[in-house]
Novice: 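Structure incoming, see below.
Just so we're on the same page: letters track the sequence lines, and every chain starts at 1.
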2 protein chains.
Amino acid sequence: MDVKTICLGVLTLGDKTGYEIKKHFERAFSHFFVAGFGSIYPALSALTEDGFVTHTDVAQSKRPHKKVYSITAEGRALLMEALLNTPPRHKVRSEFAVLLYFAHLLPCDRLAALIDQRARDIEAMLGNIDCFERDDLPPPSREMVAGLGRAALQAQLNYIREHRDWLLREIDRYQKRGHGSLRRAASGS
Amino acid sequence: MDVKTICLGVLTLGDKTGYEIKKHFERAFSHFFVAGFGSIYPALSALTEDGFVTHTDVAQSKRPHKKVYSITAEGRALLMEALLNTPPRHKVRSEFAVLLYFAHLLPCDRLAALIDQRARDIEAMLGNIDCFERDDLPPPSREMVAGLGRAALQAQLNYIREHRDWLLREIDRYQKRGHGSLRRAASGS
DNA sequence: TGGATTTATATCAGTTTGAAATATATTAGC
DNA sequence: GCTAATATATTTCAAACTGATATAAATCCA
C-alpha cells in the first residue's frame with residue numbers, strides 16, 4: 001500500500017487539500033503511519049493525472065492559493081481494490097531501539113538522555129492520539145485505531161520507566177568490567 | 001541513521017558476511033528495524049569503498065563464495081560519531097492500522113481475516129524475539145531491547161483480542177445503518 | 001514592531017523497498 | 001532414491017519514500 005491509497009482513503013471522508021490530508025494523518029494516525037509533503041503532493045499529482053481524483057483551484061484573497069481534491073468514482077474503485085488486496089503488514093523502524101541495542105558502546109549520560117527523550121516523545125504522542133471531533137464519520141474503527149496506538153505506546157512507556165535505572169546500572173557495571181564503551185573503540189581493534 | 005551505521009554496529013559483535021548481518025537483524029531486532037538485502041549489500045559496498053570496513057573473499061568448496069566483512073578503526077570512529085549524534089527516533093508504518101481505520105469500507109469477513117492475520121503475525125514475532133544464544137557479548141541492552149519489543153507486541157495482541165468481536169459487531173451495525181461499505185462506494189459518489 | 005507559527009505548495013538528491021535473478025547444498029518427507 | 005522445500009550467498013534495479021529546503025503570505029503573541 002502506498003501513500004496514494006491512503007490519500008484516496010482520507011478523501012472518502014470529505015474533500016481536502018494536500019495540506020489538510022497531512023493534518024488528518026497527524027491527528028488520526030501519526031503513531032501508525034507517517035507521510036510527509038514530499039510523498040503526499042506527488043501522490044495527489046499522480047492520482048489527478050490518472051483520473052482517480054479531481055481538484056479545483058481555489059485562489060484565496062488572504063491565503064496562498066490551494067487545490068481542493070475530490071475522489072472520483074474510479075478513485076473509489078481503486079481504493080476498494082487496494083483495501084481488499086493489501087496484506088496487513090506492520091513495520092517498525094526504531095533508531096531508538098538500535099541505539100539501545102548498542103548501549104554498551106555509549107557513555108551513560110548519553111544513554112540516559114536518549115531514554116528520557118524517548119519517554120517524552122511517547123508522552124507527547126499519547127497526548128495527541130485522536131481527540132477526534134468527528135468530521136462527519138464517527139465509525140468505531142477510529143476508536144480501535146486510537147486504542148491500539150495507546151496500548152502500544154503505554155506499554156513501551158511503562159517498560160522504559162520500569163527498566164531505565166536498571167539498564168543504566170547494568171551498563172555501567174558491564175563497562176567497568178572492561179567490556180565495550182568508547183575506551184575500547186578508540187584504542188583501535 | 002542509515003543501514004550503513006547499523007551494519008557497522010553489528011560488525012562490532014564480530015566479523016560477518018552480508019547474509020549473516022541480515023540474519024542477525026532478524027534474530028535480534030526484526031521487530032524494531034527491518035533491512036533487506038537490497039539495502040545491506042549496497043551499504044557494505046559503500047563502506048568498503050570508504051575504508052570503514054574491509055572484507056576477505058572466501059571461496060567455499062561446497063557453498064557459494066562469500067565475503068566476510070570486518071570493521072576498521074575508521075569504521076569504529078564513524079560508528080561512535082553516529083551513535084553519539086543520532087536522535088532516538090521511532091517510526092511505525094502499519095498498513096494494518098490503515099486498513100483498520102477504513103474498516104467501515106470493508107466487508108466483515110475481510111476485516112475478520114485481517115485482524116486474525118495480524119494476531120498470528122504478532123504471535124510469530126513474540127515467538128522469535130531474541131532467544132539469544134549469546135554470540136560473545138551478553139550485554140543487558142540486548143535484554144532491554146527484547147523486553148521492550150515483547151511489551152509492545154503483547155500489548156497490541158491483548159488489545160486486538162479484547163476488541164476483535166466488539167469491532168466486528170460495531171462495524172456491522174454501522175454498515176447496516178446505511179453508512180459506508182462497498183454498496184455506497186460502488187454507487188459512484 | 002517583530003518573531004514564531006500556521007496555511008499552502010513544490011522540488012529533489014539521496015535512501016530504501018521489495019521483488020526477481022542466479023547458483024549450489026542440505027534437509028525433510030514420501 | 002527422488003523431489004520439494006529450505007538455507008546459504010550475492011546482485012540488481014525501478015519505483016517509492018524521506019527529509020530537508022524554498023517560497024510566500026497571514027495571523028498570533030508578546
Side-chain angles (χ1 to χ4, degrees), chain A residues 1-8 15-27 30 32-50 53 55-69 82 85-87 89-95 98, chain B residues 1-8 10 15-27 30 32-50 53 55-69 82 85-87 89-95 98 128:
Chain A
M1 173 156 36
D2 53 19
V3 172
K4 278 191 273 186
T5 306
I6 303 180
C7 287
L8 287 176
D15 297 350
K16 286 183 173 50
T17 65
Y19 187 81
E20 286 167 340
I21 291 174
K22 173 90 192 307
K23 292 290 127 178
H24 191 94
F25 263 65
E26 279 167 14
R27 185 166 62 72
S30 59
F32 274 139
F33 202 102
V34 177
F37 294 126
S39 48
I40 291 173
Y41 284 116
L44 290 171
S45 299
L47 288 169
T48 301
E49 208 166 322
D50 296 333
V53 301
H55 62 88
T56 47
D57 255 48
V58 180
Q60 303 175 110
S61 57
K62 322 199 117 197
R63 279 285 173 204
H65 81 107
K66 62 181 178 180
K67 297 179 185 172
V68 179
Y69 289 89
N85 296 312
T86 302
R89 288 195 295 210
H90 180 98
K91 252 179 40 183
V92 181
R93 189 188 179 91
S94 176
E95 305 184 349
V98 175
Chain B
M1 175 156 34
D2 53 19
V3 173
K4 278 191 273 186
T5 307
I6 303 180
C7 288
L8 288 176
V10 174
D15 296 351
K16 286 182 174 50
T17 65
Y19 188 81
E20 286 167 339
I21 291 175
K22 174 92 193 307
K23 292 290 127 180
H24 191 94
F25 262 65
E26 279 166 15
R27 185 167 64 71
S30 60
F32 273 140
F33 202 102
V34 177
F37 294 126
S39 48
I40 291 174
Y41 284 114
L44 290 170
S45 299
L47 287 169
T48 301
E49 208 166 322
D50 296 334
V53 301
H55 63 89
T56 47
D57 256 47
V58 180
Q60 302 174 109
S61 58
K62 321 198 120 198
R63 280 286 174 198
H65 83 107
K66 61 183 179 179
K67 296 178 186 171
V68 180
Y69 289 89
N85 296 311
T86 303
R89 288 195 296 210
H90 180 98
K91 253 178 40 182
V92 182
R93 188 188 180 92
S94 177
E95 305 185 350
V98 174
N128 279 333

Novice: Looking at the side chain of A:Y19, which of D:dG19, C:dT6, D:dC17 is the nearest nucleotide?
Specialist: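 Nearest to the side-chain atoms of A:Y19, counting from C-beta on, is C:dT6.
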Novice: Ignoring the backbone of B:F37, work out which of D:dC17, C:dT16, D:dT10 is nearest its side chain.
Specialist: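 Looking only at heavy atoms from C-beta outward on B:F37, the closest nucleotide is D:dT10.
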Novice: Are side-chain heavy atoms of B:F32 and B:F25 found at a separation under 4.5 Å?
Specialist: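 In short, these two side chains do not touch, never coming nearer than 4.5 Å.
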Novice: Look at the side chain of A:P42 and decide which nucleotide, out of D:dA16, D:dA9, C:dT11, has an atom nearest to it.
Specialist: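 Ranking D:dA16, D:dA9, C:dT11 by closest atom to the A:P42 side chain puts C:dT11 first.
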Novice: For D:dA9, does either OP1 or OP2 sit under 4.0 Å from a side-chain N or O belonging to B:K16?
Specialist: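 Answer no for this pair, as no side-chain N or O of B:K16 is under 4.0 Å from OP1 or OP2.
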Novice: Report the C-alpha separation of B:L44 and B:H55 in whole Å, then their side-chain angles, then the decisive distance to 0.1 Å, and conclude whether the side-chain contact (heavy atoms from CB on, under 4.5 Å) test is met.
Specialist: CA-CA 9 Å; B:L44 290 170; B:H55 63 89; over 6 Å; no
Novice: Quick one: does any side-chain atom of B:E20 pair with a main-chain N or O of B:T17 as donor and acceptor, under 3.5 Å?
Specialist: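 At least one qualifying donor-acceptor pair exists.
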Novice: With a 4.0 Å cut-off on heavy atoms, is B:G18 in touch with a base, just the backbone sugar-phosphate, or nothing at all?
Specialist: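 It contacts sugar-phosphate atoms only.
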Novice: Could you check how far CD1 of A:I40 sits from P of C:dA8, rounded to whole Å?
Specialist: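 Interatomic distance, CD1 of A:I40 to P of C:dA8: 14 Å.
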Novice: Nearest to the side chain of A:R93 - C:dT16, C:dT9, D:dA16?
Specialist: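 So the nucleotide nearest the side chain must be C:dT16.
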Novice: Round to the nearest Å and state the distance from A:K22 atom NZ to C:dA10 atom P.
Specialist: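 Rounded to the whole Å, the gap is 15 Å.
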Novice: How long is the straight-line distance from NZ of B:K16 back to NZ of B:K23, given to the nearest 0.5 Å?
Specialist: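 Rounded to the nearest 0.5 Å, the NZ-NZ separation comes out at 14.0 Å.
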Novice: Quick check: do B:N128 and B:S30 have side-chain heavy atoms less than 4.5 Å from each other?
Specialist: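 In short, these two side chains do not touch, never coming nearer than 4.5 Å.
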Novice: Go through D:dA9, C:dT15, C:dA8 for me and flag the one nearest to the B:T17 side chain.
Specialist: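 Ranking D:dA9, C:dT15, C:dA8 by closest atom to the B:T17 side chain puts D:dA9 first.
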Novice: Rounded to whole angstrom units, what separation is found between the CD atom of A:E95 and the C1' atom of C:dT16?
Specialist: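 One finds 13 Å between C1' of C:dT16 and CD of A:E95, rounded.
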Novice: Looking only at side-chain atoms of B:R89, point me to the closest of C:dG18, D:dT8, D:dA20.
Specialist: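 So the nucleotide nearest the side chain must be D:dA20.
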Novice: Atom CD of A:E26 to atom C1' of C:dA8: distance rounded to whole Å?
Specialist: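 One finds 14 Å between C1' of C:dA8 and CD of A:E26, rounded.
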Novice: Tell me which of A:K4 and B:K67 sits closer to the 5' end of DNA chain D, going by the nucleotide each one is nearest to.
Specialist: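 The answer here is B:K67.
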Novice: Please state how far atom CG in A:D15 lies from atom P in C:dA8, giving the value in whole angstrom units.
Specialist: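 To the nearest whole Å, that distance equals 14 Å.
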Novice: For the pair made of NZ in A:K66 and C1' in D:dA25, what is the distance, rounded to whole Å?
Specialist: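 Whole-Å distance recorded here is 14 Å.
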Novice: With a 4.0 Å limit, can you tell me whether B:S39 has a side-chain N or O closer than that to the phosphate oxygens OP1/OP2 of C:dT15?
Specialist: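 The answer is no; no side-chain N or O of B:S39 sits under 4.0 Å from OP1 or OP2.
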Novice: Any base atoms under 4.0 Å from B:K91, or only sugar-phosphate, or nothing? Heavy atoms, all strands.
Specialist: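 Here B:K91 touches the backbone only, sparing every base.
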Novice: B:Y41 side chain N/O closer than 4.0 Å to the phosphate oxygens (OP1, OP2) of D:dT11?
Specialist: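 Answer no for this pair, as no side-chain N or O of B:Y41 is under 4.0 Å from OP1 or OP2.
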Novice: What integer distance in Å separates A:M1:CE from C:dG18:P?
Specialist: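 Spelled out: CE on A:M1 to P on C:dG18 is 12 Å.
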Novice: Expressed as a whole number of angstroms, how long is the span from B:I21:CD1 to D:dT11:C1'?
Specialist: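 Roughly 16 Å, once rounded to whole Å.
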